[in-house]
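Encoded as structure tokens, the structure appears first; notes follow it.
Note that this is a predicted model, so its numbers are computed, not measured. To find a chain, count down the sequence lines: A is the first, B the second, and so on, and within it residues start at 1.
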2 protein chains.
Amino acid sequence: MQRMTRQRSAVADVLDAVEDFRSAQQLHEILRDRGEGVGLATVYRTLQSLADGGEVDVLRTADGESVYRRCVRRGHHHHLMCRVCGATVEIDGPSVETWAAQMGAQHGFEDIDHTMELFGTCARCAAEGHRREGS
Amino acid sequence: MQRMTRQRSAVADVLDAVEDFRSAQQLHEILRDRGEGVGLATVYRTLQSLADGGEVDVLRTADGESVYRRCVRRGHHHHLMCRVCGATVEIDGPSVETWAAQMGAQHGFEDIDHTMELFGTCARCAAEGHRREGS
DNA sequence: GTAGCCGATGAGAACGATTGTCAAACGCGC
DNA sequence: GCGCGTTTGACAATCGTTCTCATCGGCTAC
Ligand SMILES: [Zn+2]
Ligand SMILES: [Zn+2]
Ligand SMILES: [Zn+2]
Ligand SMILES: [Zn+2]
């Protein structure tokens with residue numbers, strides 16, 4: 001039902017090559033630079049289908065843009081992302097999971113789901129920033 | 001520095017009257033229905049300044065729309081929202097805050113910030129759903 | 001191999017929430 | 001009441017994302 005096309009594998013390749021979270025538009029540019037032109041709409045469609053299949057993680061930045069990344073960890077997990085360069089660390093917080101379920105039950109809610117992401121400035125970007133300030 | 005205008009207090013009044021999270025556009029409609037017409041741009045501006053001042057909480061729905069609500073709790077806190085009816089409970093997770101800071105430090109990140117929201121089906125909506133299924 | 005079905009593609013238009021523009025309106029301290 | 005500087009609002013602009021639809025091209029059946 002899912003055909004293997006040049007575009008689809010090109011997008012998959014880029015996702016394999018890139019480590020950090022990138023927006024659809026950034027991925028589109030990377031593809032163009034690689035000479036493997038892929039229509040923007042197709043990039044969006046492919047990312048969406050990959051996300052639906054759980055093959056990439058999606059999260060929304062503070063300004064509402066969706067960013068995508070092929071994650072190492074398979075199951076449910078969370079992220080600590082640098083808000084400057086996009087560098088990401090995968091983390092999981094078992095305590096958070098149980099706490100969420102607890103809170104839900106406590107207030108009579110069922111089917112508890114949760115979103116949680118951490119944002120910060122990574123060591124490298126922080127150094128960069130401090131250098132600029134200090135000068 | 002902050003002038004009290006008819007529009008500003010109209011928005012504040014609506015926020016006081018409404019319990020659940022509502023989008024800027026919904027609030028704009030409510031204002032129109034009340035006969036207290038306020039420009040959409042002004043609604044956005046007012047909500048933003050209220051949010052900056054910590055007088056309303058903002059969060060983004062799954063489809064990327066910002067929703068606003070005057071919260072009882074003043075400081076930093078999180079929400080457990082019914083994904084069916086929008087009913088919201090304010091909660092705070094001291095353990096989560098410290099855990100977030102810990103994770104950040106552990107990976108060399110600075111200025112850690114975090115987003116976390118719980119979603120579920122409230123008791124009333126769950127009963128509603130079960131009734132429908134069972135029949 | 002190849003015909004042909006039907007999903008996939010892409011250029012561009014459309015969309016929708018939000019923000020910017022700027023002249024006119026109006027709080028507010030005098 | 002005056003005047004200044006903020007606020008307003010109709011409208012345009014922005015921008016990420018989705019839609020449209022004519023065309024292309026995997027894939028399968030023959
Ligand atoms: Zn991940
Ligand atoms: Zn960084
Ligand atoms: Zn709140
Ligand atoms: Zn409910």
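A/R32 has its CZ atom 13 Å from the C1' atom of C/dG10, to the nearest Å. The separation between A/F21 atom CZ and D/dG16 atom C1' is 18 Å, rounded to whole Å. Atom CG in B/L27 sits roughly 15 Å away from atom C1' in C/dT18 (whole-Å rounding). The nearest whole Å value for the distance from the CG atom in A/L31 to the C1' atom in C/dT9 is 14 Å. The distance from atom CG of A/D63 to atom P of D/dT14 is 17 Å, rounded to the nearest whole Å. The distance from atom CD of B/E36 to atom C1' of D/dG9 is 16 Å, rounded to the nearest whole Å. Distance NE2 (B/H28) to P (C/dT19): 15 Å, rounded to an integer number of Å. Atom CG in B/L40 sits roughly 11 Å away from atom C1' in C/dG16 (whole-Å rounding).
Note on A/T5: every side-chain N or O is 4.0 Å or more away from OP1 and OP2 of D/dG26. For the OP1/OP2 pair of C/dG7 and a distance below 4.0 Å, the side-chain nitrogens and oxygens of A/R8 include no atom meeting the criterion. Taking only side-chain nitrogens and oxygens, B/Q7 never comes nearer than 4.0 Å to OP1 or OP2 of D/dT7. Considering only side-chain N and O atoms, B/Y44 lies under 4.0 angstrom from the phosphate OP1 or OP2 of C/dT18. For A/Q48 and D/dT17, the shortest distance from a side-chain N or O to OP1 or OP2 is not below 4.0 Å.
Taking only side-chain atoms of A/E65, from C-beta outward, the nucleotide of C/dC28, D/dG16, D/dT8 with the closest atom is D/dG16.
For the residue pair B/C122 and A/F109, the shortest heavy atom distance occurs at CB-CZ, 3.6 Å. Nearest heavy-atom pair, A/R83 versus A/T121, reported as atom, atom and distance to 0.1 Å: NH1-OG1, 3.4 Å. Residues B/D92 and B/H77 approach most closely at CB-CB, 4.3 Å, considering heavy atoms. In terms of heavy atoms, B/C71 sits closest to B/D57 at SG-OD2, 3.1 Å.
Nucleic acid contact for A/Q2: sugar-phosphate only, since backbone atoms but no base atoms lie under 4.0 Å from a heavy atom of the residue. Within 4.0 Å of A/S23, counting heavy atoms only, lies no atom of the nucleic acid at all. Within the nucleic acid shown, A/R60 has no heavy atom closer than 4.0 Å to any nucleic acid atom.
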- Message: Could you walk me through whether B/R60 and B/E65 satisfy the salt bridge (Lys or Arg N to Asp or Glu O under 4.0 Å) test, starting with their C-alpha distance in whole Å, then the side-chain angles of each, then the deciding distance to 0.1 Å, before giving a yes or no?
- Response: CA-CA 5 Å; B/R60 304 183 79 105; B/E65 203 175 5; over 6 Å; no
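Taking 3.5 Å as the limit, the base of D/dT6 and the side chain of B/R3 contain a donor-acceptor pair of atoms between them. Counting atom types as modelled, B/R45 pairs a side-chain N or O with a base atom of D/dG9 as donor and acceptor under 3.5 Å.
The residue among B/V67 and B/M4 whose nearest nucleotide of DNA chain C lies closer to the 5′ end is B/V67.
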